[in-house]
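Since the structure comes first, as structure tokens, the remarks are kept for the end.
Both ligands and their constituent atoms are indexed starting at 1 by order of listing.
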Amino acid sequence: MPAHPPPWASVATAVHHAGGTVHIAPVTADLTPHWEQIEPLLHPTVTAVVLAHVRGRPAPDTVRIAAELAERGITLIEDCAQAWAVTVDGQPAGSHGTIAVFSTQTWKLIATGEGGVVAADDPDLLQALRSATGDTRIPAAGGNPWRGNCRMSELTAASALPQLHVLDVLTELLHPLQARVINRALGMPNVQLVLPAPDEAARSNGSLVGVWLPTPNDARRAADRLYRDGIRHWYPSTGDLHLAANWPVADTHSEVDLACYLDIQIPMLDEHHHDEFLDAIATALAGSEAQ
Ligand SMILES: Cc1ncc(COP(=O)(O)O)c(C=O)c1O
């Protein structure tokens, strides 16, 4: 049961391929569901919940969700595709559930082109995963000879290692500019909510700042302006497969209008370019007021 936006459609596809049925929990304005959104969907056939830590921030209600699910014997899978170097309550994102899945696809903080990493504490579970995904040195569970092939090549893994070694350095470099973008956005009258909030920023990996604007038109205009200025950002355009509304599942509904949201990627910039970057962001976000 993944949340409404914005994991990627491949998460639900994996559930579908495993013969499961996907149900979608709606998100709140912080882009993740809280326990209140998940609990009503927990009918007796639900065996696992996928909770995504999206846009470089921890899902704010993770600790409660993990505790409530554990009490009910439901597996929590943390989707950490966007959560490299993110922390939840002082612990790394991914340490609250049974399994954590990290992506190394091109746009992630650790990028190898395609690929990913599964982390878990249970050695038997990891052995079973290795076996099922193509490690033929491990006997298949139950003697089942069928094997997939989801192995990351040695070459791909090798390209992730130097990035992992400097991950903390990278987030340290991103946080100061992220803090300034957050403060600038908070000072703009048309910006209704900024993610992360200043007191959450240290738990994020510094890579993004999200803003909620009053109308979809405001968000689209700001996104167009950022595009023209060559500033990387994400705005959920029509058909975007980050939105469960575009997945082939029946029961999607949303508590918020994602068309009012966009986020800005924090670049690795020399400090003497920070003012210029902030001015460009402010101009893009103010565009809706000026027109
Ligand atoms: C939150 C989230 N979950 C899952 C994925 C899928 O990762 P991959 O492309 O490695 O399958 C992505 C990729 O965009 C993502 O952002």
Atoms of ligand 1 close to Ala81 [distance to a heavy atom under 4.0 angstrom, numbered from 1]: 1 (C), 2 (C), 3 (N), 4 (C), 5 (C), 12 (C), 15 (C)

Identity of the nearest option to atom 4 (C) of ligand 1, non-hydrogen atoms only, from Val117, Val54, Asp79: Asp79

Parallel, tilted or perpendicular: rings of Tyr227 and His233 (30°, 60°): perpendicular

Heavy-atom nearest option to atom 14 (O) of ligand 1, drawn from Glu114, Lys108, Arg55: Lys108

Per-atom contacts of ligand 1 with Gly115, taking only distances under 4.0 Å to non-hydrogen atoms: 10 (O)

Ser103: numbered ligand 1 atoms lying under 4.0 Å from its heavy atoms: 7 (O), 8 (P), 10 (O)

Intermediate values then yes/no, side-chain hydrogen bond (donor to acceptor under 3.5 Å, both in side chains), Thr13 and Ser10: CA-CA 5 Å; Thr13 304; Ser10 57; over 6 Å; no

Close approach of Ser10 to ligand 1, heavy atoms, under 4.0 angstrom: yes

Numbering as shown, the atoms of ligand 1 that approach Gln82 to under 4.0 Å (heavy-atom distance): 1 (C), 15 (C), 16 (O)

Under-4.0 Å heavy-atom contact with ligand 1, by part of Val11 that carries it: side chain

Greater than 12 external heavy atoms within 6.0 Å of His274's NE2: yes

Trace of the side-chain hydrogen bond (donor to acceptor under 3.5 Å, both in side chains) decision for Asn149 with Arg147: CA-CA 7 Å; Asn149 182 5; Arg147 304 293 183 103; over 6 Å; no

Check ion pair Arg184-Asp279 (N to O, under 4.0 angstrom): yes

For the student: nearest non-hydrogen atoms of Pro33 and Pro26, plus distance: CB-O, 3.4 Å

